[in-house]
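These notes are about the structure you will find just below.
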Amino acid sequence: MPRFQWNKLLKPSSPSVNNSSTDLDYVATDRQFVEGHLDPVYLLDVDGHLIDFNEKLALLLGYSKEELFQHYAAFMTTEEVERTLPYFHRVLQGSEETYTVEVLHKSGRPLTLRVTNIPKFEHQLIVGVYGIARDITEDKQLRKQLEHLFIERELFRDTSNLLSFTIQQDGHLTERNSSFNKSIGTNVTTLDQLIGFLHREDVLSFMTAYEEARTSEQIEHAFSFRLGRANTESHYIGKFVGHDGMVRAAFSDETQIVRLSEAYEESNERLQDLYKHSGASIYRRDLATGQLEFYTDEFESLFGVTPDMMKKNPKACHHVIHRNDRQKVRVAHDRADAGEEVRMYYRTVKDGQTNWIEERLVPKRNADGAVVSVISICYDATRLKHQEEQIWQLAMYDSLTGLPNRSLFLRELEDWMDTYTHVAVLTLSFNSIHAINRDFGYAVGDDWIVATTSALLDCIPKGSFVGHLGGDEYGILIPHCLEESEMVQYCQPLIRLNDQYIRVGPYEWCPSISIGVSRYPEDTDVPVELLQYANTALGRTQGTKMEPIVFYASNFNIDSYRRHQLGNDLRRAIEEHELFLEFQPKVDAWSGRIVGAEALVRWQHPEWGRIPPSDFIPLSEETELHIKLADWVLHETCRCLQAWQSQDLPVVPVSINISPKRLLHGNFAETVIRALRRSNIPPSLLEIEILETDVLSDNLKIHETLDRLSDANIRIALDDFGTGYSSLSYLQRYPIKTIKIDQQFARDLHANKKTQSIVRTILFMADEFGMDVVVEGVETLEQLMILRRLNCRIIQGYLFSRPLDIRNFESALENRFLSTTETGPHVSRQSFSLDAAVTIHKLHDREVTVGSTPILLTKSSLRSLHFYATVRLPIADTIELKITLTHRGEQLALLVSPNSMIELENGIFEYEASFLETGDAHRIVIALQERMNTP
Ligand code: C2E
Ligand code: MG
Ligand code: MG
């Protein structure tokens, strides 16, 4: 407690005159006054020090007498001294002051005192101050309580759903609050009147509680009662408290709560009703206790186990669940316990009968989000499952063969890709359905499909899966990827079906089976693409018994590997200008004057070198790319013609090769006409060469396109005449202006009289029809002489010119004439050689797994070697080849990088390659020397 600085505050007392001598007299007997007073009394000197006091003061403040002889400020807080100082000053000036002051008991407890100060006079002078104190601490507390009660009471009065009133001894109701007045009415002023408002059934209990409260004081009597009747009745709950024969009542209106709980009960009942008639087994499993609480009894009819048995042992139904589904059910329950909503189907076996159950598990969480229980709802799904099976059967199986259809085959493929690391996808065609349908009708066609299915099922490889893809085409999955040769072996029983007749009704038919193969994961990991690729491979074989199995892309065989790579690169080739045109002149057979040219497309591949069109044009036709390619050739040819025209070169008509497939797409005639118009080229300078293929047979769209081109003055030539399904009717039906006799006729001319007769006949017929004739592939003077004799006027062949790049063709055009250059086939085989094999080892630093192909090693220095191969290999620094050979019984493997390649006439390629590890070089040199010395 801060000590009070008394001296500073004390003002010099000025003597004052008090006119009340009575007081003075009385005070003169001050000891008596102090001692004898009923209240604590004290005397202060003018400085405020306590100089006298009675015992009651010591008792009040808790100090000993000795301790009390101090300044009065010692018993107060600083604030309180400051607050009361003005009273002290006024008393020193003669007035009498009464005020309330807070002093501190020795224990620190505050005491509130009512103090009266009177000045003490001596000889007309004030010499001290008397103080009479009264302890009003308790009074103050009581007042506070009273205030509190008052506020409480006010609140109580205004609380809307609280009725409060007092029942006086004479039965009058007093202190009725506003709720009472509102709910019951201001005119209800007696207990009797109030009872009139009570529900009849509650009167007795109300009166009993009242009597008890009235007679036994201060005991609270809690009870409930209703006011009003039927649907207007209100429910109250509360207490009576008795006191002095009066009873104080306080009741709260619980009507809302009662209504809500009634509604809850009702909806609960309704829910129970729903459960009962739902036909489902519903129960709740408490996760903490594992206890089951059943809401319906259906469990017994679904599982043959009563809810009671389940309550005793929650695993009682496990043996009813189908053995193969138990694990699934267990896992589902674990997932639900972990908070996941689960829906599952599983089977039960009861009395030897299998049924399906649909079960939903719904986890329930507490306010904190923790799963506390799981609700299980089970239905009998047997009928549903049977219907589903029927629908599945209809949707996923072919009705004729009973085999999985394409959709199911793809699903199965997807599953197999999850299960096996390698899967081979085969598409197998009997290649006969169209002919059979056409020749014998659809009924026999259907029989054929059924017959091929059963023939196939008799000999498919073990462990494989068969689906029906349509017509007489089937899909087969094999769970491993075998080496190409093994795969061929594996499929032998299927291929052998080609050697036997299959009976269809009264007919017998020999199939012409071919198989396309794609592989997961080598080719792709997309199921639809795998099937598509197998089908593409099938397309490459179709109809040829020569190569009945074709792999889409192969890592066993360099050739098919190359084809796969080229297929991927072709789009880029068109966009990145890797394609270019060469022009082969057509010349007059007598004068050598250039009368026309054929544009031939070329592809300079960055790795594989120059790719012949026979390799990439069929590839382009496997996708939509052939459209881009044909249009590129058309526009490039127009661009060249336009350039030659502007250079004033003696321009000749140029023919472009267009595959019939291109004619089936869009409006090709318009594309050509627009291209010519844009480049300002007369239509007579362009010729379209089309091949004789079966697509030509009576296709309306091709017919219209060719007519439209011809009407626009664009010439149509029939290419490779005499090789395909030559039919004279084409010449009559289509607007053909030129016939190009296939190279094979030129080759045979000198040796075969029959060939000469055919050529003569064609020339005669063409003359009759007013058509031009070009003989292709003329290589020798002898052939030229015969053709001149036969009166053939236009020649295209190496004798006059090979296909020329633009620059060389432009200079040939400038010269207008070509002379003959007869050259024999190029032979460059060495007389001594080593048998070896080559494989691609690395491409762009990536290892490649491909099989090897045989080669002949012919020459070697310490830096490079030469070899011959029948396959085209890529030429680039980014390629590493591995050559293997056996020398003196030892296997040698050398890594080389190919530098150059020469394409020889007879389908042979000559390569030069550098050693990557020079240590190997001398061994090859030695081996070749040894071979040279061996007779
Ligand atoms: P084609 O239309 O019959 O073209 C003639 C082919 O014979 C050309 O082969 C040409 O180089 C070759 N040839 C010309 N004279 C002789 C000769 O005296 N002896 C020998 N042995 N061959 C000769 P190329 O360029 O390899 O073309 C092969 C085929 O590729 C073409 O046969 C044509 O069907 C197709 N082709 C070429 N360019 C295109 C094109 O732009 N579009 C389409 N769709 N096909 C094209
Ligand atoms: Mg041609
Ligand atoms: Mg040709």
Side-chain angles (χ1 to χ4, degrees), residues 403 409 412-413 416-417 419-432 451-469 472-502 510-524 530-564 835 837-840 848-855 869-871 882 884 886 891:
L403 286 179
F409 183 79
E412 191 69 16
L413 172 55
W416 280 46
M417 284 161 58
T419 315
Y420 302 106
T421 51
H422 290 83
V423 181
V425 181
L426 279 58
T427 46
L428 177 147
S429 177
F430 283 81
N431 288 313
S432 309
T452 53
T453 302
S454 86
L456 184 68
L457 289 177
D458 282 345
C459 56
I460 53 156
K462 224 169 142 196
S464 50
F465 177 88
V466 185
H468 182 239
L469 302 179
D472 57 358
E473 278 183 22
Y474 300 85
I476 303 171
L477 300 180
I478 298 175
H480 309 287
C481 237
L482 305 166
E483 289 273 333
E484 191 167 317
S485 55
E486 279 181 285
M487 181 73 87
V488 172
Q489 205 59 37
Y490 207 63
C491 294
Q492 271 320 304
L494 299 173
I495 303 296
R496 272 201 294 275
L497 284 175
N498 279 340
D499 304 334
Q500 64 192 58
Y501 288 102
I502 294 179
C510 195
S512 169
I513 289 177
S514 51
I515 300 172
V517 185
S518 66
R519 280 166 295 191
Y520 164 78
E522 287 82 354
D523 293 335
T524 170
L530 272 171
L531 186 58
Q532 172 62 42
Y533 292 169
N535 212 36
T536 302
L538 180 69
R540 289 177 190 156
T541 72
Q542 213 106 61
T544 59
K545 284 192 181 179
M546 303 280 289
E547 200 184 356
I549 303 179
V550 168
F551 291 77
Y552 172 71
S554 173
N555 51 13
F556 306 138
N557 165 311
I558 294 180
D559 250 344
S560 26
Y561 175 73
R562 176 169 149 265
R563 191 156 54 182
H564 176 58
D835 287 320
V838 71
T839 179
I840 301 172
V848 179
T849 321
V850 294
S852 0
T853 190
I855 57 169
T870 51
V871 294
K882 192 199 254 172
T884 47
T886 314
Q891 265 303 123

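All residue numbers refer to positions in the sequence shown, counting from 1.
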query = Distance from D499 atom CG to C510 atom SG, nearest 0.5 Å?
reply = 7.0 Å
Min side-chain heavy-atom separation S429-D472 under 4.5 Å = yes
query = What is the distance from atom OG1 of T419 to atom CD of E412, rounded to the nearest 0.5 Å?
reply = 8.5 Å
query = Looking at side-chain heavy atoms only, is the closest gap between E473 and L538 below 4.5 Å?
reply = yes
request  = Using atom types as modelled and distance alone, determine if a side-chain donor or acceptor of D523 lies under 3.5 Å from a backbone N or O of R519.
outcome  = yes
Test item: L494 and I476 side chains (from C-beta on) under 4.5 Å apart, heavy atoms = yes
request  = Could you pull out the closest heavy-atom pair between F551 and A537, with the gap in Å?
outcome  = C-CB, 4.0 Å
inquiry  = Angle between ring planes, Y474 versus F430, binned at 30° and 60°: parallel, tilted or perpendicular?
reply    = perpendicular
message = Give me the atom names and distance for the closest heavy-atom approach of C491 to L426.
response = SG-CD2, 3.7 Å
request  = May I ask you to test the V425-L477 pair for a side-chain heavy-atom distance under 4.5 Å?
outcome  = yes
message = Looking at every non-hydrogen atom in both residues, tell me the closest pair between N498 and P511 and how far apart they are.
response = OD1-O, 3.2 Å
key: Residue pair T886 / Q891: nearest heavy atoms and the distance that separates them   = OG1-OE1, 3.3 Å
note = d(I478 CD1, M487 CE) to nearest 0.5 Å is 5.0 Å
inquiry  = Closer than 3.5 angstrom, by distance alone: can the side chain of S518 be matched with the main-chain N or O of L530 as a donor-acceptor pair?
reply    = yes
ask   = Under a 4.5 Å cut-off applied to non-hydrogen side-chain atoms, are T853 and V838 in contact?
value = yes
note = Scanning both residues in full, the closest heavy-atom pair of P521 with H422 reads CD-CD2, 3.7 Å
Distance, nearest 0.5 Å, that separates OG1 of T839 from CD1 of I855 = 10.5 Å
note = CD1 (I513) and CG (L456) are apart, to the nearest 0.5 Å, by 7.5 Å
request  = Kindly say whether A534 contributes a backbone atom to a donor-acceptor pair with the side chain of T427 at under 3.5 angstrom?
outcome  = yes
message = Restricting to non-hydrogen atoms, name the atom on T421 and the atom on Y520 that form the minimum distance, rounded to 0.1 Å.
response = O-CE2, 3.6 Å
message = To the nearest 0.5 Å, what is the distance between CG on N535 and OH on Y552?
response = 11.5 Å
